[in-house]
Amino acid sequence: MKVAKFGGSSVANAEQLKKVANIIQADDDRRIIVVSAPGKRNSDDMKVTDLLIELGEAYRLGQSHEAPLQNVLDRFDAILEELQLSKVVLADIQSQVEKIFNDGNDLASKLDAIKAIGEDSLAKILSEYLQSLGIHARYVNPKEAGLILSDQPGSAQILDESFELIHRLRDSEDIAVIPGFFGYTKEGKLVTFSRGGSDITGSIVAAGVKADLYENFTDVDSVYCVNPQIVNNPKEITSLTYKEMRELSYAGFSVFHAEALIPAFKEKIPVCIKNTNNPTAKGTMIVSEKKDVNQAVVGIASDAGFVSLYVSKYLMNREIGFGRRLLNILEDEGISFEHTPSGIDDLSVIIRANQLTEEKEAIVINRINKELKPDTVYIDRGLALIMIVGEGMHSFVGTAAKATKAFEEAHVNLEMINQGSSEVSMMFGIKEEGVNRAVQSLYKVFFENN
Ligand code: ASP
């Protein structure tokens, strides 16, 4: 049994949905289908989820919501028209929106319920379309499927008890078409995962039914070893481990949601990234273990938008509890941190810039000065992280040397180096302006010169 998830570009319009139907028909094992909301049809277009967010925003600001609602309806209308399906879904969307705006729920829950309309409507449309082709398919709401989530609107997490419930989907005689991106709390309130969360639904469902394979259909033939916007025509990755994929998607590989691997990983369900526009291409397999490890580095990732909080104090190494008290201040202020490279008398805390607003920055610096009495404390903004990733790293000598040489050749100064003892990745902190140069140079060293 396979679970196939189709992303936004795969369901962006009627033409794409026809390809999806062909893919489903081509393999009888594709028994459970998870869908995103329609994404962009071209680079100037808007995703339906973003149109729905605009609709929610209009409501929040007390503005008329007619125009933003019409934009959403128009997208679905065009699809229904071309697939020659009934327009019941449109009336359904309108009444759902009215109901959400007038229910007694808090604002965050209302906005989540609005956002979920994209996936929900598309799943209804796809199942109807499949039926019109004579395929036994049916829409399955996430509540019926058993997706019970924590009460965290916009960033909900799956609760463990869901998996047993989801397992019952194996018995479905029809192909189940499930909308991605949302589920329900124990109290029955709709909540969504974070953006791009249909990948998470797909992975959860694949784990729940113990699928043989989780296929994630997108718009690229495979995962590339580096961002194709930075390096022209980079090499394709045919196989990756979960750990490698996790590290790569943490630092900017947007092909698969970073949180989506966990459920598949726990159940050891292999994941295959495939292209809806070229479904016979092999794609990239993500597996728990690779037999032949013949290269140290499988991919290079980069992500900007980090800040470094630098604290130094003479004899810090002898001051028991210094690090804990520093991190406690961040915890009190609700800031999560990413890494803490340290020296003898100093410590840097790497934080995503969106966690540390200028207002928060002033509070944090003030508290550190008062409570920890450091010699120096400052914030450095505009930091980017570059990661080279590969489980093979531990059996190859000289990987760091090659990497630092690449930075030298690109004339990029290294502000920070970090390698965990698992040796799956090596991370380098640099100023944002050097990212492209550095990545291109690393690509040359690890993929072209080899
Ligand atoms: N439609 C949602 C988003 O755009 C979820 C997804 O597509 O995976 O974030």
Side-chain angles (χ1 to χ4, degrees), residues 3-13 16-17 20 32-57 68 71-73 75-76 79 89 93 96-97 100 108-126 139 141-142 145 147 149 152-158 177-184 190-207 214-220 223 245 249 252-264 271 273-277 354:
V3 171
K5 180 257 168 182
F6 294 90
S9 58
S10 303
V11 298
N13 57 23
Q16 291 300 90
L17 284 170
V20 168
I32 299 180
I33 311 300
V34 174
V35 288
S36 280
K40 293 182 180 191
R41 291 160 294 184
N42 52 59
S43 54
D44 301 325
D45 201 14
M46 273 181 80
K47 292 179 170 191
V48 165
T49 307
D50 289 315
L51 295 175
L52 288 162
I53 288 172
E54 278 189 358
L55 171 62
E57 216 27 36
N71 290 338
V72 174
L73 294 173
R75 283 294 300 268
F76 287 112
I79 294 176
V89 170
I93 294 175
Q96 257 178 287
V97 169
I100 294 164
S109 306
K110 282 181 194 290
L111 296 180
D112 263 22
I114 290 288
K115 275 193 285 180
I117 289 175
E119 271 71 11
D120 197 48
S121 308
L122 199 277
K124 288 174 182 158
I125 292 172
L126 178 62
Y139 159 84
N141 182 274
L147 277 110
L149 312 190
Q152 292 168 288
S155 58
Q157 309 268 341
I158 192 76
V177 183
I178 309 173
F181 191 38
F182 69 96
Y184 292 82
L190 188 157
V191 273
T192 69
F193 294 115
S194 53
R195 288 300 304 270
S198 298
D199 282 349
I200 307 179
T201 306
S203 177
I204 289 169
V205 171
Y214 170 31
E215 294 178 307
N216 193 283
F217 282 89
T218 170
D219 54 4
V220 286
V223 177
M245 189 67 210
S249 41
F253 266 48
S254 56
V255 66
F256 198 56
H257 196 294
E259 282 172 45
L261 276 174
I262 301 146
V271 181
I273 311 278
K274 285 182 80 77
N275 190 353
T276 298
N277 305 314
N354 61 7

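Counting starts at 1 for both ligands and their atoms, following the listed order.
Judged purely by atom type and a 3.5 angstrom limit, T192 has no side-chain atom pairing as donor or acceptor with the backbone of D112.
Here's the thing with S198: one of its N/O atoms is less than 3.5 angstrom from an N/O atom of ligand 1. By the 3.5 Å distance cut-off applied to N or O atoms, D199 is not counted among the residues near ligand 1. At least one N or O atom of G196, backbone or side chain, sits closer than 3.5 Å to an N or O atom of ligand 1.
Using a cut-off of 4.0 Å between Lys/Arg side-chain N and Asp/Glu carboxylate O, D45 and R75 are scored as salt-bridged.
Heavy-atom separations between G197 and ligand 1 include at least one value shorter than 4.0 Å.
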Notebook entry, point to check: Can you list the steps and then say if E119 with V35 is a side-chain contact (heavy atoms from CB on, under 4.5 Å)?
Noted result: CA-CA 6 Å; E119 271 71 11; V35 288; 5.5 Å; no
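The side chain of E119, and not its backbone, has at least one atom closer than 4.0 Å to an atom of ligand 1 (non-hydrogen atoms only; side chain from C-beta on).
Heavy-atom contacts from other residues, nucleotides or ligands closer than 6.0 Å to NZ of K110 number more than 12.
The protein heavy atom nearest to atom 4 (O) of ligand 1 is R195 NH2, 2.9 Å. Closest to atom 7 (O) of ligand 1 among all protein heavy atoms lies S36 OG, 3.1 Å.
Under the rule for a salt bridge (charged side-chain N to carboxylate O under 4.0 Å, His left out), the partners of K5 that lie at least two apart in sequence or sit in another chain are D199. Partners of D219 under the salt bridge (charged side-chain N to carboxylate O under 4.0 Å, His left out) rule, at least two apart in sequence or in another chain, do not exist in this structure.
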